[in-house]
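One structure below.
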There are 2 protein chains.
Amino acid sequence: MTSINVYIADDHPVVRKGMVRLLKTFERVGQVKEAADGKELLALLTNDRPHIIILDIEMPVMGGVDTVKAVLQRFPNVKILILTMHSEEVLVRRLLDMGVNGFLTKSSGPEEIEKAIYAIMDNDFYKNAITENAQGIAGAEENEGRRKLTIREIEILLLICKEMTSREISERLHISEKTFFNHRTNIMEKTGSKSNIGLLKYALRKGIIST
Amino acid sequence: MTSINVYIADDHPVVRKGMVRLLKTFERVGQVKEAADGKELLALLTNDRPHIIILDIEMPVMGGVDTVKAVLQRFPNVKILILTMHSEEVLVRRLLDMGVNGFLTKSSGPEEIEKAIYAIMDNDFYKNAITENAQGIAGAEENEGRRKLTIREIEILLLICKEMTSREISERLHISEKTFFNHRTNIMEKTGSKSNIGLLKYALRKGIIST
DNA sequence: TGCCGACATAGGAGTTACTCCTATACGGAT
DNA sequence: ATCCGTATAGGAGTAACTCCTATGTCGGCA
């Protein structure tokens, strides 16, 4: 078995650098490259491509979700390991549907990270509490009669819950405010909310965010 | 010792009727009267007055806070026992400052209710987990440098967290929308929030509401 | 007794947030 | 070939909100 090339994308230098240093200590890991956001990561991919990409799901410039989409569209065989703060259940579910290969929290220890990388290389998937949990709620959500939120909608819901204004969110996502409002209206319809207050409560109930 | 006269104000007929029936079984309890809201309660008080008033803090027509204020202003010697759903810490603190004599949740058992009534008659105060808890947070809140929320502000914050619109809230409180916005702005300033999302998060952190 | 500060109230004028309806484009399922 | 779901966005109107100013009340305090 040849060595595993790993790229990491995370906007927090501390996390990123620490991860790079850690990865290099792993026996089976070969080349390691880093990027501060999705755009940088995609730039790296023009020349060569890694076996595994470790991706922070909450990056400012190009969000994790967009990055997953872009990467998998161009290189369907690249494995993706998601770094997530809180285990946002619905979001995890969507990312799994997109073909992501595993999840880690930023508080994971070195052993777990190494285990995840090897599991993904050998079995194509790293199974842990986060992914287990997501299986459970998939069904539950269906039962409520309401349609599922799309990835874009979850992305928007997360930003709303961060106390960002409509302007800020639309600028961040490079869409018009109109489009933002359309999404927001759709989310409210799907979640049975009347306002941002209702949206935040929904996100809390569903574990999309934690208090 | 003569028997204790108790009035109860609660907008939920089930709770109210149940409470009336229960109270009548207590040995030391004499006359029992009921009201569906603060206005009705005050009307009862024109003729005679009870030893203890049991008050639901979340009533639609005339809120519990207003009722407490009105009752104590006219009859400082009447004891007040608050019925509360969630133990909203900051609110409890304020009500204690106003001179309320004890708290019960609606899930309290008959024995606890009887105990509370006797404790208030005999010692002027019913001490339990809810009141204990409020003592603790009083200090914590002071430390943050920000001024305390007033009762009115907490009342408004609660309604905001219920996903009510500005119009609905101002109508409910019989104030102009302008006044509502002034309060809201002040609350945001005091709590360091930028929007309703921030207010809800604050309320959750402080235990003013529960998820 | 008289004053001051905190609180609750509210108007005017302006800005931002948002709804409702309509419409286009694209990619995947049937 | 068609259709549905998704993402995009404009026009026109309404609701929500800010900022500044101002008033009455009440309780404490000099």
Side-chain angles (χ1 to χ4, degrees), chain A residues 62-63 65-66 68-70 72-74 76 90 94 97-99 142 146-160 162-191 193-200, chain B residues 62-63 65-66 68-70 72-74 76 90 94 97-99 142 146-160 162-191 193-200:
Chain A
M62 184 178 184
V65 173
D66 292 324
V68 169
K69 205 185 293 176
L72 287 179
Q73 190 177 338
R74 273 166 251 190
V90 183
R94 294 294 174 285
D97 287 346
M98 288 179 73
E142 253 43 21
R146 296 198 173 96
R147 282 162 300 152
K148 301 200 293 187
L149 293 183
T150 67
I151 306 242
R152 194 55 155 174
E153 287 166 350
I154 292 174
E155 201 174 359
I156 284 168
L157 180 55
L158 282 171
L159 298 177
I160 289 173
K162 280 188 179 164
E163 207 175 351
M164 289 171 71
T165 64
S166 51
R167 170 120 65 189
E168 287 166 346
I169 295 175
S170 53
E171 278 172 1
R172 160 86 90 97
L173 299 180
H174 310 294
I175 58 179
S176 93
E177 270 191 270
K178 294 293 189 176
T179 303
F180 163 76
F181 287 127
N182 285 334
H183 283 304
R184 183 177 172 277
T185 302
N186 292 334
I187 299 170
M188 291 197 299
E189 201 271 316
K190 286 183 179 181
T191 60
S193 312
K194 293 189 312 181
S195 66
N196 279 350
I197 291 282
L199 292 179
L200 181 51
Chain B
M62 184 179 185
V65 173
D66 291 323
V68 169
K69 204 184 293 175
L72 287 179
Q73 191 178 338
R74 273 166 251 188
V90 184
R94 295 293 174 287
D97 287 345
M98 288 178 74
E142 252 45 20
R146 297 201 172 95
R147 282 161 302 151
K148 300 201 293 186
L149 294 183
T150 66
I151 306 238
R152 194 56 155 173
E153 286 166 350
I154 292 174
E155 199 174 0
I156 283 168
L157 179 55
L158 282 173
L159 298 178
I160 289 173
K162 281 190 178 162
E163 209 175 349
M164 289 172 72
T165 64
S166 52
R167 170 121 64 190
E168 288 166 346
I169 295 175
S170 54
E171 279 172 0
R172 159 86 91 97
L173 299 179
H174 309 294
I175 58 179
S176 93
E177 270 191 87
K178 295 292 191 177
T179 302
F180 163 76
F181 287 127
N182 284 334
H183 283 304
R184 182 177 173 278
T185 302
N186 292 334
I187 299 170
M188 291 197 299
E189 201 271 316
K190 287 183 179 179
T191 61
S193 312
K194 294 188 310 181
S195 66
N196 279 350
I197 290 283
L199 292 179
L200 181 52

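Chain letters run A, B, ... following the sequence lines, proteins first and then strands; every chain starts at 1.
Shortest non-hydrogen contact noted between B:L157 and B:I187 is N-CD1, 4.2 Å. In terms of heavy atoms, A:E177 sits closest to A:S170 at CG-OG, 3.3 Å. In terms of heavy-atom proximity, B:F180 sits nearest to B:I175 at N-CD1, 3.9 Å.
In this structure, A:N196 atom CG and D:dA15 atom C1' are separated by 14 Å, rounded to whole Å. Rounding to whole angstrom units, CD of residue A:E189 and C1' of C:dC18 are separated by 17 Å. Rounded to whole Å, atom P of D:dA15 lies 19 Å from atom CD1 of B:I160. The nearest whole Å value for the distance from the CG atom in A:L149 to the C1' atom in D:dT6 is 13 Å. Between B:F181 atom CZ and C:dA13 atom C1' there is a gap of 15 Å when expressed in whole angstrom units. Taking atom CD1 of A:I151 as the reference point, atom P of C:dG27 lies 17 Å away to the nearest angstrom. The NZ-C1' distance, from B:K194 to D:dC17, rounds to 15 Å in whole Å. For A:E168 and C:dT16, the CD to C1' distance is 13 Å, given to the nearest whole Å.
In this model, the phosphate group of D:dG5 is not approached by any side-chain N or O of A:R152 to a distance below 4.0 Å at OP1 or OP2. Between C:dT9 and B:S176, no contact under 4.0 Å exists linking OP1 or OP2 to a side-chain N or O. At least one side-chain nitrogen or oxygen of B:T179 sits closer than 4.0 Å to the OP1 or OP2 atom of C:dA10.
Residue B:K178 places its side chain closer to C:dA10 than to any other of C:dA17, C:dA10, D:dA9. Taking the side chain of A:F180 as heavy atoms from C-beta on, and the options D:dC17, C:dA10, C:dC18, the nearest nucleotide is C:dC18. The A:K190 side chain lies nearest to D:dT6 when the options are D:dT18, D:dT8, D:dT6. Taking every side-chain heavy atom of B:R184 into account, D:dT18 is the closest of D:dA16, D:dT8, D:dT18. The side chain of A:E177 sits closest to C:dA17 out of C:dA17, D:dT18, C:dT9.
Formation of a donor-acceptor pair under 3.5 Å by the B:E163 side chain with backbone atoms of A:S193 is not found in this model.
At a cut-off of 3.5 angstrom, counting only N and O atoms as typed in the model, there is no donor on one side facing an acceptor on the other between the side-chain of A:N182 and the base of D:dA7.
Using a 4.5 Å cut-off on side-chain heavy atoms (C-beta onward), B:L173 and B:R152 make contact.
B:T150 comes within contact range of the sugar-phosphate backbone alone, with a heavy-atom separation under 4.0 Å but no base atom that close. Among the protein residues, B:S166 comes within range of the sugar-phosphate backbone only, with heavy atoms under 4.0 Å from sugar or phosphate atoms but none that close to a base.
In terms of position on DNA chain C, the residue among A:T185 and B:E153 whose nearest nucleotide sits closer to the 5' end is B:E153.
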